[in-house]
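This report concerns only the one structure given below.
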Amino acid sequence: MLMLAGAKPAADTTDYYRLAFGKRPSEELYHLSNDPYQLNNLASEPAFSAPLSDHRTRVLAKMRETNDPRVADPQTSLWDEARYTPTYGKSTFDRDAFIEAYVYKAVGNGVRFKDQPCLPVKSTE
């Protein structure tokens, strides 16, 4: 796999450079069990308009609940201007333990959801 700035990928390959460094779309939706590397954004597909609408509603409710400044100003530059320190977040919780324990919901068979860890599961052997 080759990722060169400005290089054009062959017609039958994925443009990994654009995926890694290009501007992100305003909405993204992936079918995690079919596309675990999240390369095929389904947000514009009519077949996925209902789940996208549901996610949009839930995210907006959470943003309002947490007083996220993007509710009032979706284009706020706050996140670009924030300064993070090496200990950011460490004073309130163990960030590394949180990431290790974090799971997201992935569609198992199109109906049920199952937990997928963010990091590979460590062997207990």
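These figures come from a predicted structure and were not determined experimentally.
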Which residues pass the salt bridge (Lys or Arg N to Asp or Glu O under 4.0 Å) test with Glu27, sequence neighbours left out? Arg56

Can you name the residues that form a side-chain contact (heavy atoms from CB on, under 4.5 Å) with Glu28, not counting sequence neighbours? Arg24, Pro25, Tyr30, Asn41

Check side-chain contact (heavy atoms from CB on, under 4.5 Å) between Ser26 and all other residues, then give those that pass, not counting sequence neighbours. none

Expected output: side-chain Ser53 to main-chain Ser49 donor-acceptor under 3.5 Å: no

Taking atom CG of Leu42 and atom CZ of Phe48, what is their separation to the nearest 0.5 Å? 4.5 Å

Taking salt bridge (Lys or Arg N to Asp or Glu O under 4.0 Å) as the definition, give me every residue that meets it alongside Asp54, ordered by chain and number, with sequence neighbours left out. Arg58

Pairs where residues 34-44 contributes a residue and the test salt bridge (charged side-chain N to carboxylate O under 4.0 Å, His left out) is met, not counting sequence neighbours: none

Does Asp73 have any side-chain contact (heavy atoms from CB on, under 4.5 Å) partners at least two apart in sequence or in another chain, and if so, which? Gln75, Thr76

Residues passing the salt bridge (Lys or Arg N to Asp or Glu O under 4.0 Å) test with Arg64, sequence neighbours excluded, are none

Across all chains, not counting sequence neighbours, the side chain to side chain donor-acceptor pair (under 3.5 Å) partners of Asn34 are His31

Which residues share a salt bridge (Lys or Arg N to Asp or Glu O under 4.0 Å) with Lys62, sequence neighbours left out: Glu65

